[in-house]
Amino acid sequence: MEKNRRTVNCGQLTIGDVGKTVTLNGWIHRNRDHGGVHFINLRDRYGITQVVIDEEASEDLRNTASELKMEFCVAAVGTVRARPEGMVNEDMATGEVELAVSELEVLNSCLPLPFMVDSEEEPNENLRLKYRYLHLRTQGMQDRIKMRHDATWAVRNYLTDKGFWEVETPTLIKSTPEGARDYLVPSRVNPGRFYALPQSPQLYKQILMAGGTDRYYQIARCYRDEDARGDRQPEFTQIDLEMSFASRDDVLETVEGMMVKTFKDVLDVDVPTPFPRLSWQEAMENYGSDKPDLRFNMKFQDFAPFVSGSEFGVFKSVLESGGTVKAMVVPAAAEVYSRKKISELEDVAKSRGARGLAWMKVTAEGLDGGVSKFYTEQAAAIKNNLDAKEGDLILLMGSDWKTAVTSLGAVRVKLGADLGLTKPEEFKFCWVIDFPLFEKNEETGNWEPAHHMFSMPQERFLDTMEENPGEVLGDLYDMVLNGNELASGSVRIHDPAIQSRVFDIVGFPKKEAEERFGFLLEAFRYGAPPHAGLAVGFDRMVMVMAQMNTIRDVIAFPKNTQGISPMDNSPSPVDADQLADLKLAIIEEKQEDKA
RNA sequence: GGAGGUGUAGCGAAGCUGGUUAUCGCGCCGGCCUGUCAAGCCGGAGAUCGCGGGUUCGAUCCCCGUCACUUCCGCCA
């Protein structure tokens with residue numbers, strides 16, 4: 001390699017380099033053999049340079065050139081020359097020049113490709129993952145991997161400027177079964193015992209606060225053994241941070257600044273601050289989601305005032321049983337949405353537990369179609385009250401509150417996509433705050449932490465939180481971007497007395513608490529400072545920045561939805577010896593079809 | 001665990017209501033070609049239509065089952 005090592009890269013030659021003798025290393029991107037003259041587009045990470053083997057070239061050289069195939073890795077030595085008049089390629093950074101080759105060395109050949117590295121058409125995802133090294137060569141992946149790097153760089157710069165220290169925390173930790181399932185790692189030295197991979201560095205970062213670190217961050221890998229989605233896979237990356245003596249607003253402002261800096265540095269996009277703040281209640285009432293997509297409006301409105309004056313019984317009984325009836329006006333959708341398409345929307349609502357989806361279309365005269373016949377008398381009032389205009393579609397949802405808003409919320413999301421209201425190049429941040437601290441488990445009737453047990457109840461609930469846990473709001477906050485939950489955090493409990501009361505409310509035995517995270521509780525008894533923090537889903541953030549639909553497109557080596565890596569075929573069985581070392585045995589699943 | 005979608009040469013797709021020699025583009029192989037840049041022209045190879053069963057005179061097409069991928073629900077402190 002020493003001999004034909006590159007002296008320049010494939011993206012840097014310009015007209016000013018004409019006459020120089022240089023060496024390029026790269027891949028055969030395109031190969032155009034005209035019989036006489038032979039053109040090669042040589043590609044590396046930095047760009048593409050046209051390499052020319054002239055007719056006058058030596059037989060040796062011409063033979064070598066004719067052997068070249070797609071994605072061969074080669075070294076080309078030659079002289080930079082200006083392209084002939086009229087032959088300049090305006091679309092190439094190096095389009096004014098070309099390399100007249102004097103020596104060509106094949107550094108490595110390439111098998112026939114399973115798919116075209118340069119194609120407009122992407123092969124299916126499984127193939128992309130199997131041959132990840134090839135897919136990583138594509139411009140799209142190169143751009144996204146760079147974007148991801150740029151984003152980490154911006155984040156590290158910003159947080160360092162703000163006085164944060166990056167501290168690593170263990171990845172072999174104690175298993176804490178609440179929350180997501182843990183990935184377990186057996187201990188050979190301590191047979192029968194297991195480490196867990198961290199779902200987040202939560203406990204450690206709080207202890208860092210107790211340890212006087214004051215401001216901590218970490219670009220941390222986290223692991224959760226749950227089924228994958230487009231925005232979720234077994235291992236993912238968080239920008240985890242925590243601040244001592246900080247209020248909620250300190251954290252929100254710090255993170256807003258981090259987003260501003262990151263979007264500016266990486267995309268040259270100016271993100272306006274402060275981000276709008278919605279209470280969880282508002283988000284649910286208006287958008288039916290705790291991660292509302294604010295790129296389009298279509299807020300829900302209360303339809304209850306029109307229910308009693310109508311013969312439509314379904315909504316009446318909903319209200320009588322304490323439920324909610326919501327209306328959503330879809331602008332200019334009456335024409336586009338046929339019965340069939342509305343029934344598709346209804347299916348979405350049903351998948352979220354709704355019994356149905358009522359609708360009517362707004363005409364110049366009044367209301368038409370669907371359930372409109374029940375509301376003819378109130379048509380004018382409805383139009384006026386809901387601010388619905390001719391050609392609009394009104395969707396109505398009646399159910400218990402939670403089902404009503406969440407199912408209509410799902411419909412809203414689908415409409416946003418179908419109507420082209422969710423432009424990927426638009427970035428609408430918001431904060432969702434004031435989450436309930438406790439949720440009732442409908443099956444057991446017990447109170448459970450909505451986030452985790454270390455989040456602080458808001459001060460006004462402190463005296464009375466035992467009386468009605470369901471009404472207690474926590475100092476919790478989520479950052480939402482374009483309908484994606486991008487970050488989540490809270491002000492933490494640092495007072496052992498309050499912590500103990502929270503454990504009591506969720507019925508978490510003191511003994512068990514001491515066993516699981518006694519070390520944290522103990523730390524709090526040694527003058528731990530008040531602190532607050534949050535974690536940003538880094539993969540999701542880069543996904544939105546790169547305008548992709550799945551985090552797998554911004555992760556170099558992702559797993560598929562089955563948790564499998566098609567490239568290296570993990571997870572895989574292990575040798576009996578390995579299991580024996582760990583004192584583990586595999587339980588074979590029973591064949592149930594034997595009768 | 002559940003619901004939907006997809007599965008046709010190496011890749012991306014077409015194949016409408018059952019009858020085709022299973023089509024097209026890219027790639028691959030061979031040949032021609034002095035200025036291309038998604039080069040062009042001529043020729044060629046390459047497909048048990050995911051797999052298994054069924055209906056039918058006949059199935060890529062219809063039905064059932066199954067597998068893989070994917071989207072969503074459940075799950076994700």
Could you tell me whether the side chain of [X] has a donor or acceptor atom within less than 3.5 Å of a complementary atom in the base of [N]?
X        : N     : result
A:Arg232 : B:C76 : yes
A:Asp227 : B:C75 : no
A:Glu344 : B:G4  : no

Is [Y] paired with [X] through a side-chain N to carboxylate O contact shorter than 4.0 Å?
X        : Y        : answer
A:Asp475 : A:Arg492 : no
A:Arg552 : A:Glu125 : yes
A:Arg221 : A:Glu235 : yes
A:Arg128 : A:Asp553 : yes

Can you tell me how far P in B:G18 sits from the matching atom in B:C63, rounded to whole Å?
->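 Approximately 11 Å lies between the P atom of B:G18 and that of B:C63.
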C1' atom, B:G27 versus B:A13: distance in rounded Å?
->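 Those two atoms are separated by 14 Å.
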Which atom pairs link the protein and nucleotides 5-12 of chain B when you take only N or O atoms and keep those under 3.5 Å?
residue, atom, partner, partner atom, Å
B:G10, O2', A:Pro114, O, 2.7
B:C11, O4', A:Pro114, O, 3.1
B:G12, OP1, A:Asn124, N, 2.8

Of the nucleotides [options], which one has an atom closest to the side chain of [X]?
X        : options             : answer
A:Arg352 : B:U36, B:C72, B:C28 : B:C72
A:Met92  : B:C73, B:C37, B:G35 : B:C37
A:Arg83  : B:U36, B:C75, B:U34 : B:U36
A:Glu98  : B:C33, B:G27, B:U36 : B:U36
A:Asn89  : B:C69, B:G35, B:C37 : B:C37
A:Met87  : B:G35, B:C75, B:C33 : B:G35
A:Gln50  : B:U36, B:C75, B:A38 : B:U36
A:Glu55  : B:C29, B:U34, B:C28 : B:U34

Base, sugar-phosphate, or nothing for A:Gly230, non-hydrogen atoms under 4.0 angstrom?
->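 Answer is sugar-phosphate: A:Gly230 comes under 4.0 Å of backbone atoms only.
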Scan A:Gly36 against the nucleic acid and name what it touches under 4.0 Å (heavy atoms): base, sugar-phosphate only, or nothing.
->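 Sugar-phosphate, backbone atoms only, no base.
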Look at the aromatic rings of A:Phe454 and A:His452 and report parallel, tilted or perpendicular, splitting at 30° and 60°.
->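 Ring orientation of A:Phe454 relative to A:His452: tilted.
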Is the A:Phe508 ring parallel, tilted or perpendicular to the A:Phe517 ring (thresholds 30°, 60°)?
-> parallel
Please output the side-chain donor-acceptor pairs of residues 64-74 of chain A that fall under 3.5 Å, not counting sequence neighbours, one pair per line with the distance.
residue, atom, partner, partner atom, Å
A:Thr64, OG1, A:Asp60, O, 2.9
A:Ser66, OG, A:Asn63, O, 2.8
A:Glu71, OE1, A:Arg43, NH2, 3.0
A:Glu71, OE1, A:Arg137, NH1, 2.8
A:Glu71, OE2, A:Arg43, NH1, 2.8

Heavy-atom contacts under 4.0 Å between residues 546-555 of chain A and RNA chain B, which residues?
->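 Contacting residues: A:Arg552.
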Aro-ring/base stack A:His34-B:A39, d under 5.5 Å, angle under 30° = yes
Among all residues two or more places apart in sequence or in another chain, which pass the side chain to side chain contact (heavy atoms under 4.5 Å, CB included) test with A:Ser279?
->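 Side chain to side chain contact (heavy atoms under 4.5 Å, CB included) check on A:Ser279 returns A:Gln281, A:Glu282, A:Asp434.
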Across all chains, not counting sequence neighbours, the ring pair (Phe, Tyr, Trp, His ring centres under 6.0 Å) partners of A:His494 are none
Taking only residues two or more places apart in sequence or in another chain, which ones pass ring pair (Phe, Tyr, Trp, His ring centres under 6.0 Å) with A:Phe236?
->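 Partners of A:Phe236 by the ring pair (Phe, Tyr, Trp, His ring centres under 6.0 Å) criterion come out as none, since no residue qualifies.
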Within this structure, what is the NE2-to-P distance between A:His29 and B:U36, rounded to whole angstrom?
->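 That distance rounds to 19 Å.
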Does B:C62 have a Watson-Crick or wobble mate here (both distances under 3.5 Å), and if so which one?
->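 Checking every strand shown, B:C62 finds its partner in B:G54, with both distances under 3.5 Å.
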